[in-house]
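As structure tokens, the structure follows; a few thoughts come after it.
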Amino acid sequence: MKFESILFSVVEKTAVIKLNRPKALNALNSEVIKELDEAVRMIEADPQIRVVVIGSDKHFAAGADIKEMIEMNPEQARAFGFTPTFNKLENLTKPTIAAISGYALGGGLELALVCDLRIAGPDAKLGLPEINLGIIPGAGGTQRLPRLIGASRAKELVFQGVIIDAPKALQFGLVNEIAENPLEASMKLAEKIAGKAPLALKAAKQCIAMTAKTDIRAGLEYEEVAWSSLYATKDQKEGMRSFAEKRKPTFIGE
Ligand code: DAK
């Protein structure tokens, strides 16, 4: 597939996806979602890629494309197709980082919410303004946001449809950090994470994802199995031997 609505590149071990509809402030239309879906498929299939950064040159994304949604009926709205792609991105076995410049609104913020980590620029403006359009967040906003920042703060944002700035987003725990250049900061973080053991990263991500799906007892059992299974990997031997031999480990993903 030829990408037009997104830009896709691989820098060392990091896949970089940049949304590319600047004239519409990167509003997410069906073409963007289709291309994003294909990029996610390629990333999962490529063992050379260890980490993913999603960002933009200016605005992250001002939401789903409102003009595309105006005349939809309920069936068409359901078929608009965000959810399967966002779920695939959330379930990628590799860590994902959202580099948020400018607006991250509605479906744009929901895209950032399916990433594992979020770094905001000082100019970032985040919110779920769907209520102002007579709808509610529908690509995970009512589910992932409360799990991240708590129900009370999520209601504060969703009921009013307000847009908050980067310091408030940091205070809410909606973003991990604020950086002058969020894309550069995300690439640096990606490089650090890309040096870790891929199978351990995958296991860590899957175990943490269990907290949203199960109670603590089942989660602890899942963790025990995941943790002990890593002792069958070459990277576990390498990681522990390198410690004993006082050298840096080289992880191969096996
Ligand atoms: N959709 C379409 N076009 C958009 C857009 C959007 N979300 N946001 C901005 N644009 C376009 C504007 O129409 C304008 O285009 P032209 O008129 O020049 O052709 C251009 O981008 C520049 O925007 P503005 O002129 O409005 O720029 P300002 O700086 O004055 O204002 C703004 C920036 C971000 C405050 C404003 O553009 C704005 O309020 N935008 C809308 C934000 C919003 O309400 N976002 C939420 C959309 S609803 C789904 C689940 C969920 C969803 C979809 C599907 N399924 C389960 C299937 C998600 C829904 C949403 O995200």
Side-chain angles (χ1 to χ4, degrees), residues 4-7 17-41 54-92 96 98-115 118 120-149 153-169 172 174-175 182 212:
E4 281 169 8
S5 302
I6 65 168
L7 303 172
I17 298 172
K18 280 193 188 176
L19 304 182
N20 188 35
R21 291 189 72 214
K23 283 192 185 135
L25 312 185
N26 282 340
L28 306 164
N29 62 6
S30 20
E31 201 48 45
V32 177
I33 298 300
K34 207 161 82 187
E35 294 185 16
L36 195 56
D37 200 84
E38 174 59 13
V40 171
R41 193 198 60 74
I54 303 183
S56 61
D57 282 329
K58 203 161 174 209
H59 295 287
F60 187 76
D65 194 312
I66 298 169
K67 293 164 195 170
E68 210 177 351
M69 296 187 290
I70 297 173
E71 300 304 334
M72 283 181 181
N73 63 33
E75 287 72 35
Q76 290 164 329
R78 273 196 90 171
F80 197 19
F82 279 56
T83 309
T85 302
F86 280 18
N87 289 348
K88 276 185 217 168
L89 186 55
E90 184 175 47
N91 293 327
L92 254 183
T96 53
I100 305 173
S101 305
Y103 289 114
L105 303 178
L109 180 56
E110 289 171 315
L111 173 61
L113 285 171
V114 298
C115 293
R118 283 154 292 279
D123 67 334
K125 293 187 176 61
L126 307 94
L128 293 174
E130 286 87 342
I131 205 83
N132 302 321
L133 301 167
I135 57 168
I136 60 168
T142 68
Q143 300 305 303
R144 294 191 179 100
L145 187 65
R147 283 173 164 84
L148 186 64
I149 68 172
R153 282 181 165 155
K155 286 173 188 170
E156 188 181 328
L157 296 186
V158 172
F159 290 175
Q160 302 181 86
V162 286
I163 295 175
I164 59 171
D165 61 14
K168 183 117 181 174
F172 274 16
L174 179 48
V175 299

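Whatever order the structure lists ligands and atoms in, that order sets their numbers, starting from 1.
With rounding to the nearest 0.5 Å, the separation of CG in Asn87 from CG in Asp37 is 10.5 Å. Rounding to the nearest 0.5 Å places CG of Leu145 at 9.5 Å from CZ of Phe172. Between Leu113 atom CG and Gln143 atom CD the span is 11.5 Å, to the nearest 0.5 Å.
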Kindly determine whether Arg144 and Glu90 satisfy salt bridge (charged side-chain N to carboxylate O under 4.0 Å, His left out), including the steps that lead there.
CA-CA 11 Å; Arg144 294 191 179 100; Glu90 184 175 47; 2.8 Å; yes

Applying salt bridge (charged side-chain N to carboxylate O under 4.0 Å, His left out), run through Glu75 and Arg78 and close with a yes or a no.
CA-CA 5 Å; Glu75 287 72 35; Arg78 273 196 90 171; over 6 Å; no

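In this structure, Asn29 has no side chain to side chain donor-acceptor pair (under 3.5 Å) partners at least two apart in sequence or on a different chain.
A heavy-atom cutoff of 4.0 Å around ligand 1 is satisfied by the protein residues Lys23, Ala24, Leu25, Ala27, Ala62, Gly63, Ala64, Asp65, Ile66, Lys67, Met69, Ala77, Phe80, Gly81, Phe82, Thr83, Tyr103, Leu105, Gly106, Gly107, Glu110, Pro129, Glu130, Leu133, Gly138, Ala139.
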